[in-house]
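Read through the structure below, which is laid out as structure tokens, and then see the notes.
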Amino acid sequence: MTVQIGILSAAHPHAGAYVKCLSNLECATLVGVAGDHRNRDAIRKFAETHGTTVYTPDELLERVDGALVCSANATHQKWIECAATAGVDVLCEKPLAPATEEARDVVATCDAAGVALGVAMPLRFSSPVQRVKDLVDQGSLGTLRFLSGANRGKVPTGWFVNEELAGGGAVVDHTVHILDIVRWITDEEVREVYAEIDTSFHDSSVEDCNLLSMELSDGTTFVLDGSWSRPDEWDRWGDATLRIVGTAGVVSVDCFGKTIKQTRNTGDSGIHSIDYGVDPNEALISDFVESIRDGRPPSKTGQSAVHDVKVIEAAYESAERGESVTIDRGT
Amino acid sequence: MQQVGLVGSGLMATTHAERYRSITEAEVVAVASLDDNLPEFVSQHAPKADAYRDAETMFDEADVSVVDLCTPTPTHQPLVEAAAKRGLGIFCEKPIARTMDGANAIVEAVHEADVPFMTGHVLRYFPEYETAKERIDRGEIGTPSILRTERLATPPTYGSDGWFADTDQSGGALLDLAIHDFDLLRWVAGEVDHVFARASTWNDDGVHREHAAVTLRFENGALGFVEVSWAYGDDAPFTMTYEFAGDEGLLEFDSRAESSLQLSSVGDNLDVPSATLQSDPYTRELRHFIDCAESGDEPAITPEDGREALRIALAAIESSETNKPVSVEEVGA
């Protein structure tokens with residue numbers, strides 16, 4: 001029995017990658033895609049490009065066990081509610097919601113409907129990250145004293161830079177990936193945030209500079225650069241790195257450190273950085289599919305993601321007030 | 001010809017003594033140190049120099065025209081004042097002083113005595129950094145937006161009486177190590193408005209370990225991010241990196257990626273030839289100072305530059321202790 005999956009909205013660039021991931025999974029089938037009725041052309045074009053079928057949302061939800069929500073942040077809630085009403089498990093793109101209240105609402109909605117809610121955190125499935133988690137779990141680094149992460153990117157286009165649709169810029173887009181793996185590895189929350197936020201790289205109504213200086217619930221320092229600071233001509237989309245300083249050693253992780261340098265004169269010409277090895281997106285989708293099949297929660301739950309959204313909000317508040325902001329424990 | 005009176009006989013004194021050999025207009029004629037290694041130091045690194053147990057005696061009795069202070073930070077102020085009073089030119093290792101009062105006293109003393117004075121912010125003479133500044137000045141990254149640096153090391157266990165581990169003396173990594181980057185970033189992007197710092201420090205069997213990160217907001221709106229470490233193990237090479245990102249481009253450097261010469265030795269006989277000291281950053285900074293002592297020109301790194309770098313570092317230390325952003329201008333006000 002294969003798990004039937006549908007994709008709700010293809011506004012997020014990962015939607016295409018997820019189609020490919022599903023085609024590589026024996027235990028899953030992509031039934032089709034559904035989009036917003038106001039943007040039929042976009043979803044039709046997506047379906048054509050990726051060789052899949054367009055349904056109305058209701059039609060699709062009748063046919064699937066699980067749904068991947070790949071819409072702009074502002075409509076995550078709407079799509080999750082649709083899926084929950086139809087009794088369909090959800091994996092939602094990050095961040096779960098642009099505001100804490102909304103995040104709490106969708107968690108409650110899914111709880112009430114008895115459906116699972118997961119959030120797409122592919123870095124948990126990156127093999128260097130998993131190896132570092134093992135290292136920390138074994139106590140090999142001693143007591144952790146300092147974590148420093150970086151998740152930079154190029155300035156995106158479309159809804160990502162639309163305040164209404166995204167909820168913000170680089171802070172919304174590039175905080176949660178590293179934040180999540182830090183929480184996962186340390187089992188701590190963020191207690192306090194000081195943020196320096198700005199728009200410097202591009203003419204934009206949303207921020208592209210995102211420097212966060214945080215304290216975890218056990219007093220450990222965690223700093224993060226989640227800026228859209230890579231030039232358009234950079235050889236990669238961005239990066240995801242984490243340095244963990246412990247009393248017994250220091251480890252540096254590059255989630256995308258396995259690369260091949262390719263230079264082409266023709267076709268997609270230029271110099272490219274090609275990733276090889278385990279594709280975290282594939283492992284992410286596989287985890288979601290298996291969670292449905294085996295009746296267990298996905299790795300990253302919506303409940304866990306509420307705190308991530310709190311950190312985003314605290315960052316904006318800190319930048320506005322020019323001082324650090326404390327985050328209450330619990331949800 | 002400048003007759004150099006070197007104060008100190010530790011790591012930096014050794015570094016400087018060796019560089020003076022390549023500077024024709026300078027000669028180390030005297031060395032003063034409190035350390036027991038003084039005779040050995042002189043015979044190895046300045047065989048023609050006279051040895052003194054007291055710096056001021058050296059200032060009075062040796063035929064020196066300039067002094068070079070390679071001593072623990074808190075000693076800089078009294079030594080500068082003593083040398084300036086005697087009309088001697090002064091090269092002073094970084095940080096200029098441990099406190100703003102000390103820095104202010106130094107600035108006043110050297111201006112009043114009208115002697116050449118230069119703080120050893122040697123990073124400006126490293127071609128890796130110099131080249132980046134040139135290209136930034138030419139507009140190649142556009143408007144600087146986020147300037148990141150890293151300086152990652154094992155804790156210094158050299159240093160007389162373990163003074164680095166005594167943060168009252170050394171200021172810890174946020175002063176002793178990060179000041180290189182604070183001066184560099186100020187050189188590149190101008191004055192800093194405020195900083196926010198977090199530092200984790202711990203005692204590892206008598207060794208002071210530290211890892212810290214500072215966010216900086218420059219007066220021109222740019223952002224900086226400086227990370228320093230005295231937490232690495234002995235197997236880690238000293239590492240420095242930067243990323244200077246602007247709205248039109250990016251400059252990246254990582255000292256670990258430098259691979260111009262790599263040797264593998266089978267047996268014991270292969271020694272890594274050291275880079276020629278002629279164009280070494282320490283030689284270049286000292287040569288600049290000596291040239292200024294000869295010509296009477298003001299060195300490119302002014303006493304105020306030394307003071308302003310210290311101000312940023314002290315702001316960072318204060319921020320790390322108070323958990324609040326600190327306005328740089330208000331430090332020592």
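Everything numeric here is computed off the predicted structure, so don't read it as measured data. Chain letters run A, B, ... following the sequence lines, proteins first and then strands; every chain starts at 1.
- Around the CD atom of B:Glu191, the shell of radius 6.0 Å holds more than 12 heavy atoms that belong to other residues, nucleotides or ligands.
- Side-chain contact, B:Asn323 with A:Glu192: a donor N or O sits under 3.5 Å from an acceptor N or O.
- Of all the heavy atoms in B:Ala231 and A:Val250, the pair that sits closest is O-CG2, 3.8 Å.
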Item to check | Worked verdict on A:Thr221 versus B:His211 for side-chain contact (heavy atoms from CB on, under 4.5 Å) | outcome: CA-CA 9 Å; A:Thr221 301; B:His211 196 99; over 6 Å; no
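- Only the backbone of A:Ile197 comes within less than 4.5 Å of a heavy atom of chain B; no side-chain atom from C-beta onward does.
- In terms of heavy-atom proximity, A:Cys209 sits nearest to B:Leu223 at CB-CD1, 3.7 Å.
- Considering CZ of B:Arg209 and CZ of A:Phe146, their distance stands at 15.5 Å, rounded to 0.5 Å.
- With chain B as the partner, the residue from A:Thr143, A:Asp225, A:Val155, A:Asp208 showing the most heavy-atom pairs under 4.5 Å is A:Asp225.
- In B:Asp234, the CG atom is not crowded: 12 or fewer heavy atoms of neighbouring residues, nucleotides or ligands sit closer than 6.0 Å.
- In summary, A:Arg152 and B:Glu243 engage in a salt bridge, as defined by a charged side-chain N under 4.0 Å from a carboxylate O.
- Residue B:Glu304 places its CD atom among more than 12 non-hydrogen atoms of other residues, nucleotides or ligands, all under 6.0 Å distant.
- The OG atom of B:Ser145 lies 14.5 Å from the CH2 atom of A:Trp228; values are rounded to the nearest 0.5 Å.
- With a 4.5 angstrom heavy-atom cutoff, B:Glu150 touches chain A only via side-chain atoms.
- If you take OG on B:Ser200 and CD on A:Glu215, they are separated by 10.0 Å, rounding to the nearest 0.5 Å.
- Interface remark: B:Thr215 contributes side-chain atoms only to the contact with chain A (heavy atom separation under 4.5 Å).
- By the neighbour-count criterion of 12 heavy atoms within 6.0 Å, atom CG of B:Asn203 is densely surrounded, having more than that number from other residues, nucleotides or ligands.
- Using a 4.5 Å cut-off between heavy atoms, B:Arg198 touches chain A through backbone and side chain atoms alike.
- In terms of heavy-atom proximity, B:Asp247 sits nearest to A:Phe201 at CB-O, 3.5 Å.
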Checklist entry - Yes or no on side-chain contact (heavy atoms from CB on, under 4.5 Å) for B:Phe196 and A:Glu196, after CA distance, side-chain angles and deciding distance? => result CA-CA 9 Å; B:Phe196 184 88; A:Glu196 289 283 2; 5.6 Å; no
Next on the checklist: If you apply the rule salt bridge (Lys or Arg N to Asp or Glu O under 4.0 Å), what do you find for A:Arg243 with B:Glu227, and how did you get there?
Outcome noted: CA-CA 11 Å; A:Arg243 168 182 296 130; B:Glu227 189 168 337; 2.9 Å; yes
Checklist entry - Yes or no on side-chain contact (heavy atoms from CB on, under 4.5 Å) for A:Val223 and B:Phe225, after CA distance, side-chain angles and deciding distance? => result CA-CA 10 Å; A:Val223 298; B:Phe225 187 88; 3.6 Å; yes
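- Using a cutoff of 4.0 Å between basic side-chain nitrogens and carboxylate oxygens, A:Glu323 and B:Lys324 are not scored as salt-bridged.
- The local environment of CZ in A:Arg321 is crowded, with over 12 non-hydrogen atoms from other residues, nucleotides or ligands closer than 6.0 Å.
- With a threshold of 4.5 angstrom between heavy atoms, B:Glu248 does not approach chain A through any atom at all.
- Crowding of B:Asp161 atom CG: a count of heavy atoms from other residues, nucleotides or ligands under 6.0 Å not exceeding 12.
- Within the 4.5 angstrom heavy-atom criterion, only backbone atoms of B:Thr201 (N, CA, C, O) approach chain A.
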Checklist entry - Are B:Asp204 and A:Thr247 close enough, and set up right, to give a side-chain contact (heavy atoms from CB on, under 4.5 Å), and what steps lead you there? => result CA-CA 8 Å; B:Asp204 175 22; A:Thr247 53; over 6 Å; no
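- Annotation for A:Asp235: atom CG counts as buried by contact number, over 12 foreign heavy atoms lying within 6.0 Å.
- Looking at B:Leu152, the atoms closer than 4.5 Å to chain A (heavy atoms on both sides) all sit in the side chain, from C-beta outward.
- Minimum heavy-atom separation, B:Pro325 to A:Gly322: CG-O, 3.2 Å.
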